[in-house]
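The structure under discussion appears below in the form of C-alpha cells.
What you see below is based on every heavy atom in this structure, not just the backbone, and it leaves out hydrogens, waters and symmetry mates. Every chain is numbered from 1 and lettered A, B, ... according to where its sequence line falls, protein lines coming before strand lines.
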Amino acid sequence: MPRFQRPTGTHDILPEDQPYWEYVTDFAVRLARQAGFERIDVPIFEATDLFARGIGTATDVVEKEMYTFTDKGGESLTLRPEFTAGVVRAYIEHGMHVRPQPVKLYSIGPVFRYDRPQAGRFRQFHQFNMEILGDMDPLADLEVMLLIWDLYAGLGFRNLSFQLNSTGCPRCRPGYVRVLQDYYLGHQNEVCEDCRRRTERNPLRVLDCKVETCQPVIAAAPSILDYLCDECAEHFAQLREYLDMLGRPYILNHRLVRGLDYYTKTVFEVWAAGIGAQAAVCGGGRYDGLAEILGGPSTPGVGVAAGIERIIMVMKTQGLTVPPLPTPAVFLAHLGDRARREAVRLADELRHAGVAVWTAFGERGLKSQMREADKRGARWVVILGEDELARGVAAVRDMTTGEQTDIGLEGLVSWLRERVGR
RNA sequence: GUGGGUGUGGCCUAAGGGAUAAGGCACCUGGUUGUGGCCCAGGAGAUUGUGGGUUCGAGUCCCACCAUCCACCCCA
C-alpha cells in the first residue's frame, strides 16, 4: 500500500493548533456580530463562469489559479478562490435587495487557489470575509476598515501598515489608464520586460513591479489620485476625513493595485511583518459594478477578506499567545471488573451532570492509569477499586497537592461539580 | 510557470565510501499486592523519499522523478 500524503499546498490543522483557530475565529465573529453583520455560508464550489466574469478573465486568479473541474453532468465548476463573487450571487439570487439596506454579511471558511506554495501561501487556505451590500456611503468603507483594524488590534498585532488607495470607477479609470499607458510607452527602454508586456495587457500592474530598474519610472508615474472623477474624489476625500478624525493611521499608496478586476473606488490592504514575502494579511475594497456584471440589479458593495493562516503566523512570530482549550479535569481510574462497571455508570452520570471526564480503557494497573491522568492534565483522579466499592466510596486524589480523600458515591457527582464548575 | 535549499523511526539529530543505521524527545511496560511527576531498567518503532546508475561495497557519489521549504510571480 502506498502511503498517502496531504495534497500539495494543503494542511492538517492539528489539535495543538486549534486554540489559535478557535480564538481567532471567535474573535472575528464577535466583532462582526457587534457591528450587525449576519453570517452567510455559500457553496465551496460555484459555476466557473461566476468567478470568470466576476473576478475578471485577465486576472491571475482566473487565468491560472482556479481549481476547475467538470462534474458528471458536464457542468464546469470551480472551487471558490474567494468569497465575494459567491456572496453577491447569493444576494442577487435570494432577492436580498428587498431586505433593509445595506445587507451586512460575514463568512468564514476555506478558499482555493492553485499556486506554488511558499511561506504564508497555500492552495487551500481560510478567509474571514465581510461584505456590506447596497450602500454607497463612504461610512460603509470606513466601517469595514475599522472592523478589520480592530480585529488585528484586538489580537495584539504590532507593526501593521494600512495601505489605502482609490482605483477610480468606469468613468475615470480608463482616462487614467490611458495617461499611464502613454507615460510608459515613453519609457519602454527603461523598464523591465514584464512591464513592457503589462503596458499593453494590464497597465495598472506596472505600478507594483518590484524590479529595481523600474522604480524610478514608477516614482515619476502619474498618480490615479490626480485623475479621479468628482464623485470618486469626493468619496475618497470623505473616507480619509473620517479616518483622520478617528486618528487611524494609514499610508496613501497610489501604487496599490488589487488583483481582482471588480474593484472600484476604495482599495486597501493591511501588511504585517513576520510571514516572509507574503506580507498582506487582508485585502479589500469597494466593488460597485459587480452585482450588475453578475446579472443582478445595480448594487454597490464594499468588503474585506482576511487570511486566517497568515493571522496565526503573525501571532506566532510576534509571540502572541492564546488560552488553551479546556480538557476534562476529572479522570476515572478503575480496578477490577465490578469497579469498571461502576466507573462506566459514573462517567455517564457525570457527563450528564455537566462534568467533563476522562475514563481509562482496558484492564491496566493503577500506576499506568495514574500516569495517563497526569499526562492528560487531570486535576482530580477518581479511583474505584473493590475496596472502595465495598465501602460505598471512591478515593478522590487532588493531583496538584497529592491529597486523597474518600467521598461517598451518592455525593460524588455534586462534590465534583462544585469543584470543577459548571 | 521559473529558480535555489532540503529529504535518515511520530519529532529532533548522528554515522571520515566499509560491520546487525546510533542517540535524544515522545510512546508502551516494569521497579513486589492498588497510586502520577523525578530517577532506573526494559520494549516497540527505519526496506535511510522513490527509481535507476557508479563501486567489491552507497544513508554517504551521480542522474531522474516525487515531496517539502524558500524566493520570483501574484496575493490572503
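The base-pairing partner of B:rG57, taking Watson-Crick or G-U wobble contacts with both distances under 3.5 Å, does not exist among the strands shown. Nucleotide B:rA22 is matched to B:rU13 when pairs are restricted to Watson-Crick or G-U wobble geometry with both distances under 3.5 angstrom. In this structure, B:rC28 forms a base pair with B:rG42, meeting either the Watson-Crick or the G-U wobble geometry with both donor-acceptor distances under 3.5 Å. In this structure, B:rU68 forms a base pair with B:rG5, meeting either the Watson-Crick or the G-U wobble geometry with both donor-acceptor distances under 3.5 Å. Remark: B:rG37 base-pairs with no nucleotide; criterion is Watson-Crick or G-U wobble with both hydrogen-bond distances under 3.5 Å.
The shortest distance between the side-chain N/O atoms of A:S368 and the OP1/OP2 oxygens of B:rC28 is not below 4.0 Å. Applying the 4.0 Å criterion to OP1 and OP2 of B:rU68, one finds that A:T8 has a side-chain N or O inside that range. In this model, the phosphate group of B:rA67 is not approached by any side-chain N or O of A:Q5 to a distance below 4.0 Å at OP1 or OP2.
A donor and an acceptor atom sit less than 3.5 Å apart, one in the side chain of A:Q118 and one in the base of B:rC73. Judged by distance alone with a 3.5 Å cut-off, a donor-acceptor contact links the side chain of A:R121 to the base of B:rC73. For B:rC74, its base never sits under 3.5 Å from the side chain of A:R116 at any donor and acceptor pair. Contact annotation: side chain of A:R113 to base of B:rC74, donor-acceptor pair absent below 3.5 Å.
When atom types are taken as modelled, the side chain of A:R286 and the backbone of A:V302 share no donor-acceptor pair closer than 3.5 angstrom.
Nucleic acid contact class of A:A373 (heavy atoms, under 4.0 Å, all strands): none. Using a 4.0 Å heavy-atom distance criterion, A:H334 is classed as making no nucleic acid contact.
For A:R6, the listed nucleotide lying nearest its side chain is B:rU68; candidates were B:rC74, B:rC73, B:rU68.
Between A:R205 and A:D60 no salt bridge is recorded (no basic side-chain N to carboxylate O distance below 4.0 Å). Using a 4.0 Å cut-off between charged nitrogen and carboxylate oxygen, A:D41 and A:R39 count as a salt-bridge pair. Residues A:E46 and A:R80 are not paired through a salt bridge, judged by the lack of any N-O separation under 4.0 Å between the basic side chain and the carboxylate.
The aromatic rings of A:F69 and A:F45 stand perpendicular to each other, their planes meeting at an angle above 60°, with 30° marking the opposite boundary.
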message = Please encode protein proximity along nucleotides 32-46 of chain B as a string of B, S and -, counting only heavy-atom distances under 4.0 Å.
response = --BBBB---------
key: Chi angles and distances behind the ring-ring contact (aromatic ring centres under 6.0 Å, His included) call for A:Y227, A:Y176   = CA-CA 6 Å; A:Y227 293 86; A:Y176 168 68; 5.7 Å; yes
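Stacking of A:R419 on the aromatic ring of A:W415 is recorded, both the 6.0 Å distance cut-off and the 45° axial limit being met.
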